[in-house]
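What follows is a single structure, written as structure tokens, with notes after it.
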4 protein chains.
Amino acid sequence: MSFRPLDAPAVNHDTILHSLIADNLVSDPDSARGRLLREAARLFRDKGYERTTVRDLAAAVGIQSGSLFHHFRTKEEILKAVMVETIRLNTAVMQAAMEAADTNREKLRALISAELESINGQTGEAMAVLVFEWRSLSEPSQAEVLKLRDIYESLWLEVLTALKEEGALVADPFVVRRMLTGALSWTVTWYRPERGGLSQEGLTDQVMAMLGLSKADSR
Amino acid sequence: MSFRPLDAPAVNHDTILHSLIADNLVSDPDSARGRLLREAARLFRDKGYERTTVRDLAAAVGIQSGSLFHHFRTKEEILKAVMVETIRLNTAVMQAAMEAADTNREKLRALISAELESINGQTGEAMAVLVFEWRSLSEPSQAEVLKLRDIYESLWLEVLTALKEEGALVADPFVVRRMLTGALSWTVTWYRPERGGLSQEGLTDQVMAMLGLSKADSR
Amino acid sequence: MSFRPLDAPAVNHDTILHSLIADNLVSDPDSARGRLLREAARLFRDKGYERTTVRDLAAAVGIQSGSLFHHFRTKEEILKAVMVETIRLNTAVMQAAMEAADTNREKLRALISAELESINGQTGEAMAVLVFEWRSLSEPSQAEVLKLRDIYESLWLEVLTALKEEGALVADPFVVRRMLTGALSWTVTWYRPERGGLSQEGLTDQVMAMLGLSKADSR
Amino acid sequence: MSFRPLDAPAVNHDTILHSLIADNLVSDPDSARGRLLREAARLFRDKGYERTTVRDLAAAVGIQSGSLFHHFRTKEEILKAVMVETIRLNTAVMQAAMEAADTNREKLRALISAELESINGQTGEAMAVLVFEWRSLSEPSQAEVLKLRDIYESLWLEVLTALKEEGALVADPFVVRRMLTGALSWTVTWYRPERGGLSQEGLTDQVMAMLGLSKADSR
DNA sequence: GATGAATGAGTATTCATTCAT
DNA sequence: CATGAATGAATACTCATTCAT
């Protein structure tokens with residue numbers, strides 16, 4: 001049982017971010033590099049990686065296209081950085097969210113909620129890039145990013161496997177995780193929390209319910 | 001109640017296909033145009049639309065790049081044709097599958113099964129293109145294709161709404177359809193029926209179960 | 001003793017050229033490719049390989065820069081082709097000149113005369129490129145061209161070694177060949193036969209004399 | 001007749017160098033400028049002027065590329081300085097070598113020996129630059145450097161003309177000098193005195209012999 | 001219909017040079 | 001003097017599209 005106020009976030013997003021910046025694992029959003037990565041994520045999501053030119057990227061941060069290459073050696077390196085930093089940040093956020101939860105059911109709820117937040121919140125553009133621009137990454141870069149994804153995915157499998165062992169989950173943890181990946185990342189194409197309607201917590205509840213894991217669900 | 005043999009498909013895929021070919025709604029797979037669209041779907045899925053050159057497309061069907069333009073006015077028209085014909089075929093197939101089913105629950109099962117088949121079977125490459133290359137389509141073409149998707153989607157909503165009215169479904173039909181869209185299309189990235197393991201029917205069962213709609217489920 | 005008229009060339013340059021063209025070893029000078037290589041040789045000699053742009057090359061043959069790449073995959077391939085075809089042609093010409101001569105002394109004279117002709121005649125620009133743009137060739141291409149040069153050089157060493165064995169030559173054949181290479185290729189920077197003065201045959205005589213191998217020389 | 005020890009150099013290379021440094025005609029090799037010019041000569045010879053970047057140059061002397069421009073206004077000025085200082089130094093060395101010799105035959109021998117030393121010794125890299133990077137120099141700079149070369153060349157022509165008048169040389173002094181220029185500068189591509197074999201003095205002897213000017217040669 | 005050479009606008013990347021700190 | 005981020009013009013190369021044959 002924790003003593004934090006009920007409606008404060010279980011984990012401080014900013015604290016995590018600053019700790020990652022200090023360790024040079026993600027760029028400071030206020031630095032030239034950080035601003036570029038944010039604009040790149042937006043452009044890559046909106047137009048696609050191939051249709052975004054380095055001139056577009058440069059214009060978005062107000063520099064000349066040649067100057068980009070002081071920060072990144074190639075255009076692809078920008079794509080990779082968007083993906084790597086996004087995974088690093090979201091892995092850290094999820095880990096903290098999970099650790100703050102007491103039961104496995106609550107841990108899973110924290111993961112779902114955090115993933116919905118990562119997809120539909122600040123890092124949403126970058127998450128969409130991660131899903132839709134994967135093939136634009138060279139194979140060596142794909143391998144690098146996959147290693148980071150493995151860490152991220154192991155958080156999910158750990159919790160789902162525990163729930164399976166508890167008997168709370170009937171289906172195969174791997175299959176469930178994959179269905180969730182698809183269902184949750186697809187929300188980026190339709191879910192608009194800012195338009196009112198379903199809140200993010202409400203959506204999380206619906207997903208838990210679909211899995212037969214809502215609080216009231218005695219199944 | 002139908003009198004077809006138990007292991008024959010409820011609807012004859014080939015019959016539907018030939019009827020669509022006769023109406024000039026999809027290309028004969030043995031024609032030059034049909035072969036090109038099949039190869040285009042494969043290449044667009046494997047390399048992405050932008051990274052596939054018209055030379056690649058021409059080489060895949062054994063002609064010169066200039067000759068492509070006797071069949072299609074632009075490269076984008078090829079992408080559009082892949083999408084349009086795929087939706088037309090799958091809409092027809094699903095409509096038939098749905099009509100062959102008696103109850104709403106069976107209709108939904110037929111839709112899920114048919115969508116899994118379209119994603120992981122013969123039209124899988126084209127379905128992946130539909131999901132991942134959407135932004136490569138010009139806005140006017142997107143509008144055209146969207147009209148066709150609306151027909152396709154209305155099939156789903158019709159059944160889900162009926163189930164909701166029956167009380168068999170608790171969640172919002174729109175939300176459920178969208179979650180299903182994500183979960184099912186994502187199977188293209190991981191599900192390999194040919195490797196043994198989970199069969200397509202088994203997967204369909206799991207999805208029905210997740211929705212609390214399996215036969216034995218009295219909920 | 002041969003029966004050809006005294007002032008006809010011992011070997012027919014055009015016959016050799018056409019035979020090489022027929023074997024696809026050098027390009028027809030009237031073809032698009034042949035014209036490009038001739039202009040490339042001129043530009044590379046005048047401005048250097050690096051300072052010659054593909055736009056310069058294209059302009060010189062009256063096409064757009066993009067069209068160059070229908071004939072050659074890279075700019076470097078053009079440089080290589082200039083070198084390879086030049087060596088092939090000159091090797092064939094020298095072999096014929098040598099074979100038409102009776103004594104070793106006459107063979108050497110034929111080689112010197114032919115090399116002066118190749119440096120100061122039609123292929124002069126390409127020969128200058130061979131000397132001065134060597135480092136602009138990638139290492140793999142250098143290796144390819146070196147193999148061809150070895151054939152060319154072996155013609156010289158064969159004759160010089162025979163002269164050494166005859167006692168007509170005192171110095172080391174390798175050293176003599178290298179001094180000759182330098183002295184003869186340097187003529188490209190100063191020798192202008194068209195301005196009158198020393199004729200090419202006169203220059204050949206002077207070189208033979210320097211080697212103590214003039215006809216009258218009983219040494 | 002001179003009184004210096006038999007195996008001491010006829011002229012003191014260091015004395016000449018220091019006198020030129022004092023007059024600000026060449027840079028002190030230990031100064032920042034001198035070190036840069038030495039590295040530039042090496043890089044220009046190895047990679048060519050165009051393919052050597054100012055970053056390469058800066059890195060070779062351990063500074064940042066922007067700092068180069070405190071020493072030289074442009075990259076081309078570096079190339080010019082390499083050439084100018086090399087000619088100045090070698091002209092002074094040859095003049096001294098020539099003046100230390102008594103007969104014209106000995107003077108010529110001294111020139112050949114000194115040029116071989118300049119090509120294959122300490123200034124070899126810069127001499128190669130002088131030959132192979134000539135066209136990278138702008139025309140105004142070429143004119144400046146040509147004036148210095150004229151002084152250098154006049155030393156040779158003076159001696160060769162005297163030998164011609166003595167009857168010791170049959171061929172045209174201009175032709176002989178040009179053949180020698182080619183033959184001697186080409187040694188940079190093949191002659192490796194450090195590998196044993198032919199010594200520099202031995203090579204000088206061979207060249208004198210080729211000209212029919214060896215001591216024993218009574219011709 | 002098919003060809004394949006040509007187009008020309010577009011792309012990522014390079015690099016000498018500048019200049020505020 | 002030194003730095004290093006920024007510039008901006010230039011570069012080789014790509015590729016969908018055209019069209020005479």
Side-chain angles (χ1 to χ4, degrees), chain A residues 31-33 36 49-59 61-79 136, chain B residues 31-33 36 49-59 61-79 136, chain C residues 31-33 36 49-59 61-79 136, chain D residues 31-33 36 49-59 61-79 136:
Chain A
S31 69
R33 183 184 160 103
L36 174 59
Y49 171 78
E50 304 283 349
R51 281 178 301 284
T52 303
T53 68
V54 292
R55 286 186 146 80
D56 292 335
L57 292 169
V61 289
I63 57 173
Q64 295 291 324
S65 70
S67 309
L68 273 188
F69 295 87
H70 276 274
H71 302 284
F72 296 91
R73 277 205 310 272
T74 63
K75 182 185 167 192
E76 200 225 337
E77 207 171 76
I78 300 176
L79 178 60
S136 296
Chain B
S31 69
R33 184 184 159 101
L36 174 58
Y49 171 78
E50 304 284 349
R51 283 179 299 284
T52 302
T53 69
V54 293
R55 283 186 148 79
D56 292 336
L57 292 169
V61 290
I63 59 173
Q64 294 293 325
S65 68
S67 308
L68 271 188
F69 294 85
H70 287 286
H71 301 282
F72 296 90
R73 278 209 309 275
T74 64
K75 182 186 170 192
E76 199 223 341
E77 207 172 76
I78 300 176
L79 178 61
S136 297
Chain C
S31 69
R33 185 184 158 101
L36 174 59
Y49 172 79
E50 304 283 349
R51 280 176 304 284
T52 302
T53 69
V54 292
R55 285 187 145 80
D56 292 336
L57 291 168
V61 290
I63 58 173
Q64 295 291 324
S65 69
S67 308
L68 272 188
F69 295 88
H70 276 274
H71 302 284
F72 296 90
R73 277 206 309 274
T74 63
K75 181 185 167 191
E76 199 225 339
E77 207 172 76
I78 300 176
L79 177 60
S136 296
Chain D
S31 70
R33 184 185 160 102
L36 174 60
Y49 171 77
E50 304 284 348
R51 282 179 299 282
T52 302
T53 70
V54 293
R55 282 186 148 78
D56 291 335
L57 292 170
V61 291
I63 59 173
Q64 293 294 324
S65 68
S67 309
L68 270 189
F69 295 86
H70 287 285
H71 301 282
F72 295 90
R73 276 208 311 272
T74 65
K75 182 185 169 192
E76 200 223 339
E77 206 172 77
I78 300 177
L79 178 61
S136 296

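Since this is a predicted model, take the numbers as computed values, not measurements.
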Among the candidates F:dC13, F:dT3, F:dC15, find the nucleotide nearest to the side-chain atoms of B:Thr53.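 Closest nucleotide to the B:Thr53 side chain: F:dC15.
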Spacing between [X] atom [atom1] and [N] atom [atom2], to the nearest angstrom:
| X | N | atom1 | atom2 | answer |
| --- | --- | --- | --- | --- |
| D:Leu36 | F:dA2 | CG | P | 11 Å |
| C:Lys75 | F:dA12 | NZ | C1' | 8 Å |
| C:Gln64 | F:dC13 | CD | C1' | 15 Å |
| A:Glu50 | F:dT14 | CD | P | 14 Å |
| C:Phe72 | F:dA12 | CZ | P | 15 Å |

Begin with the C-alpha distance, continue with both residues' side-chain angles, and end with the deciding distance and a verdict on side-chain contact (heavy atoms from CB on, under 4.5 Å) for C:Glu50 and D:Tyr49. CA-CA 10 Å; C:Glu50 304 283 349; D:Tyr49 171 77; over 6 Å; no
Is the shortest side-chain N/O distance from D:His70 to OP1 or OP2 of F:dT3 below 4.0 Å?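 No, because none of the side-chain N or O atoms of D:His70 sits under 4.0 Å from OP1 or OP2 of F:dT3.
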Would you kindly compare A:Thr74 and C:Gly66 by the position of their nearest DNA chain E nucleotide and give the one closer to the 5′ end?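 Its nearest nucleotide being more 5', the pick is C:Gly66.
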Report the residue (C:Ile63 or A:Arg51) whose heavy-atom-nearest nucleotide on DNA chain E is the more 5′ of the two.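 Closer to the 5' end of DNA chain E: C:Ile63.
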Would you say that more than 12 heavy atoms from the other residues, nucleotides or ligands in this model lie under 6.0 Å from the CZ of B:Arg51, or not?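 Yes, CZ of B:Arg51 has more than 12 neighbouring heavy atoms, counting only those of other groups under 6.0 Å.
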Tell me the closest heavy-atom pair linking B:Leu36 and B:Val61, and the distance in Å.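 Heavy atoms of B:Leu36 and B:Val61 come nearest at CA-CG1, 3.7 Å.
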Distance under 4.0 Å to a non-hydrogen atom of chain C counts as contact; along DNA chain E, which nucleotides mark the start and end?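 Boundary nucleotides touching chain C, in 5' to 3' order, are E:dA5 to E:dG8.
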If you measure from CD on A:Gln64 to NE2 on A:His70, what distance do you get to the nearest 0.5 Å?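 Here the rounded value is 12.0 Å.
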Note, DNA chain E 5' to 3' with Watson-Crick or G-U pairs under 3.5 Å encoded as ( ), [ ], | and . gives .||||||||||||||||||||
